[in-house]
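Notes for the one structure printed next.
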Amino acid sequence: MQYVIDIDRENNHIKVLVPSAKGTITEEKVKNFFGVLKQSTWEVEPVQRLSLDQMKMIFALCRDYSEIIGYEPEELRELLKAEFCIKNCVEDFSCSPYKRNAATMKIATDFIQFIIEHALNLTGCTLKVVEGHGKNRIVRSAREIVPDIRKYVIACLMNKTCAICGATTEQREIDLHHWDSVNSIGGYEHDDGLKTRFISLCREHHTEFHNIEAKAFSEKYHIDGVWLSENIVKKLKKDKVYPNHFKAFKETAE
């Protein structure tokens with residue numbers, strides 16, 4: 001059986017997390033457990049298992065995603081895991097740190113990124129995570145929790161979703177915004193998509209950007225525009241996601 005030890009140094013408290021079915025931990029079992037600890041030899045082996053916070057994040061994201069597309073959370077989590085493992089050539093893993101085949105912190109981080117991008121690519125929606133209850137209830141957006149914000153901005157841009165509020169084209173007008181002034185490259189006629197940074201914004205946040213300018217906008221939302229690769233610009237032009245942009249783009253001969 002695998003145990004997780006949670007050490008609270010500030011309050012001088014150690015918590016041992018024991019995997020068990022509900023109601024099966026008795027006082028006698030607890031005494032036996034500490035008896036074993038006293039008689040046993042201790043060995044510390046560093047293992048980079050996913051944290052409890054990462055486990056909670058994965059479960060919360062899958063719960064929100066399942067409500068959008070109509071799956072049971074556990075069913076969706078297993079489907080996403082299977083797709084993630086195939087795509088990244090990794091073995092099956094558990095999203096619980098209590099299990100022997102628990103994911104590493106790195107895999108858990110990559111899986112969280114995968115879930116957020118998967119939802120964007122499939123539905124155009126950005127996921128949310130609810131933390132706490134009652135007056136302490138907080139709703140955090142994908143923008144606030146995503147491990148790699150650059151990949152998130154690109155996924156939003158590719159799916160014409162506002163990178164700030166998650167609005168889609170079904171809800172609001174979505175603009176491709178030049179993070180750097182287009183005048184710096186001589187105007188829109190010289191825009192090939194490769195000379196300035198970009199971000200996709202709804203009209204409300206697009207207007208806000210111009211009102212407070214880039215530095216304040218970045219500090220407020222902890223986000224920046226991204227540079228696009230030639231392949232991304234090529235796909236955006238081919239799919240006509242932003243038909244009035246990239247007029248100066250010329251595909252490089254292979």
Side-chain angles (χ1 to χ4, degrees), residues 50 53-81 83-84 87-88 95 107-132 137-179 197-209 212 214 216-229 232 235-236 239 241-242 245:
L50 79 163
D53 285 340
Q54 286 179 310
M55 180 189 75
K56 293 175 183 177
M57 184 73 68
I58 290 169
F59 277 59
L61 287 170
C62 289
R63 183 165 54 250
D64 189 42
Y65 195 1
S66 67
E67 291 177 358
I68 294 172
I69 62 177
Y71 278 76
E72 289 296 322
E74 185 175 347
E75 178 187 14
L76 179 59
R77 190 169 63 252
E78 291 303 314
L79 288 171
L80 290 171
K81 270 204 310 171
E83 186 175 337
F84 173 84
K87 182 178 179 180
N88 295 278
C95 295
I107 287 179
T109 298
D110 292 344
F111 188 45
I112 289 169
Q113 182 83 31
F114 175 82
I115 296 170
I116 292 172
E117 290 185 25
H118 194 285
L120 262 170
N121 294 330
L122 184 66
T123 69
C125 297
T126 57
L127 301 179
K128 295 178 175 61
V129 168
V130 178
E131 298 177 345
R137 185 176 184 270
I138 299 173
V139 179
R140 299 173 66 196
S141 68
R143 171 178 54 82
E144 297 173 285
I145 61 177
V146 69
D148 190 327
I149 190 68
R150 178 183 173 277
K151 288 182 179 179
Y152 167 78
V153 173
I154 290 176
C156 285
L157 192 149
M158 299 296 287
N159 290 281
K160 212 167 186 181
T161 298
C162 178
I164 304 302
C165 65
T168 65
T169 53
E170 295 179 356
Q171 301 163 318
R172 302 178 187 177
E173 290 290 328
I174 306 298
D175 301 324
L176 180 65
H177 172 63
H178 289 79
W179 188 272
R197 292 171 292 173
F198 293 90
I199 190 171
S200 52
L201 299 172
C202 66
R203 288 289 167 84
E204 179 182 339
H205 286 107
H206 195 169
T207 300
E208 182 184 11
F209 183 98
I212 67 176
F217 193 86
S218 176
E219 290 175 351
K220 179 177 180 179
Y221 294 111
H222 308 289
I223 203 168
D224 290 291
V226 295
W227 296 97
L228 305 182
S229 67
I232 289 177
K235 180 168 176 54
L236 289 171
D239 296 343
V241 181
Y242 304 99
H245 286 268

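Since we're looking at a predicted model, the values are computed, not measured. What's counted below: heavy atoms across the whole structure, side chains too, no hydrogens, waters or symmetry copies.
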_Spatial distance of atom CG (Asp224) from atom OG (Ser218) [nearest 0.5 Å]_ = 3.5 Å
_Thr161 backbone acceptor or donor facing Ser200 side chain under 3.5 Å_ = yes
*List for me each residue that meets side-chain hydrogen bond (donor to acceptor under 3.5 Å, both in side chains) alongside His178, sequence neighbours excluded, and say none if there are none.*
Asp191
*Rounded to the nearest 0.5 Å, what separation is found between the CD atom of Glu78 and the CD atom of Glu83?*
13.5 Å
*How would you list, by chain and number, every residue that makes a side-chain hydrogen bond (donor to acceptor under 3.5 Å, both in side chains) with Glu208, sequence neighbours excluded?*
Lys220, Tyr221
*Report the residues that fulfil side-chain hydrogen bond (donor to acceptor under 3.5 Å, both in side chains) with Asn88, sequence neighbours left out, ordered by chain and then residue number.*
none
*List the steps and the verdict of side-chain contact (heavy atoms from CB on, under 4.5 Å) for Phe198 and Ile232.*
CA-CA 12 Å; Phe198 293 90; Ile232 289 177; over 6 Å; no
*asked:* Just verifying a value: how many Å separate Ile199 CD1 and His206 NE2, rounded to the nearest 0.5 Å?
replied: 10.0 Å
_Selection residues 112-121 - residue pairs positive for salt bridge (Lys or Arg N to Asp or Glu O under 4.0 Å), sequence neighbours left out_ = none
*In Å and rounded to the nearest 0.5 Å, what is the CG to OG distance from Leu61 to Ser66?*
10.5 Å
*If you take all heavy atoms of Cys62 and Ile115, which pair is closest and at what distance?*
SG-CD1, 3.9 Å
*Say you draw a straight line from NZ of Lys160 to CG of Asp175; how long is it, rounded to the nearest 0.5 Å?*
8.0 Å
*Who are the side chain to side chain contact (heavy atoms under 4.5 Å, CB included) partners of Ala214, not counting sequence neighbours?*
Trp179, Phe209
*asked:* For the backbone of Leu127 and the side chain of Asp64, can you confirm whether one donor and one acceptor N or O come within less than 3.5 Å of each other?
replied: no
_With sequence neighbours excluded, residues passing salt bridge (Lys or Arg N to Asp or Glu O under 4.0 Å) with Glu131_ = Arg140
*asked:* Is any side-chain heavy atom of Met57 closer than 4.5 Å to one of Val129?
replied: yes
Under 3.5 Å, sequence neighbours excluded: what are the donor-acceptor pairs made by side chains of residues 147-156?
from	atom 1	to	atom 2	distance (Å)
Asp148	OD1	Arg150	N	3.1
Asp148	OD1	Lys151	N	3.2
Tyr152	OH	Ala163	O	3.2

*Can you check whether Ile107 reaches Leu50 side chain to side chain, under 4.5 Å on heavy atoms?*
no
*Is there side-chain contact between Leu236 and Leu157, with at least one heavy-atom pair below 4.5 Å?*
yes
*Kindly indicate whether the side chain of Leu79, heavy atoms from C-beta on, has any atom under 4.5 Å from the side chain of Glu75.*
yes
_Ile116 and Thr126, any side-chain heavy atoms less than 4.5 Å apart_ = no
_Can you list everything that forms a side-chain hydrogen bond (donor to acceptor under 3.5 Å, both in side chains) with Glu144? Sequence neighbours excluded, please._
Ser141
*Mind checking what makes side chain to side chain contact (heavy atoms under 4.5 Å, CB included) contact with Thr207, not counting sequence neighbours?*
Asn211
*Applying ring-ring contact (aromatic ring centres under 6.0 Å, His included), which residue pairs with at least one partner in residues 60-81 are found, sequence neighbours left out?*
Tyr65-His118
*Please list, chain by chain and in numerical order, all residues satisfying side chain to side chain contact (heavy atoms under 4.5 Å, CB included) with Glu173, sequence neighbours excluded.*
Arg203
*Applying side chain to side chain contact (heavy atoms under 4.5 Å, CB included), name anything that partners Cys95, two or more places apart in sequence or on another chain.*
Ile58, Phe59, Arg77, Lys81, Phe93, Phe111
*Examine distances only and state if a side-chain atom of Gln171 and a backbone atom of Thr168 form a donor-acceptor pair shorter than 3.5 Å.*
yes
*Any chance you could measure His245, atom NE2, to Leu176, atom CG, to the nearest 0.5 Å?*
4.5 Å
*asked:* Please give me the minimum heavy-atom distance between Ile212 and Ala216, naming the atom from each residue.
replied: O-CB, 3.4 Å
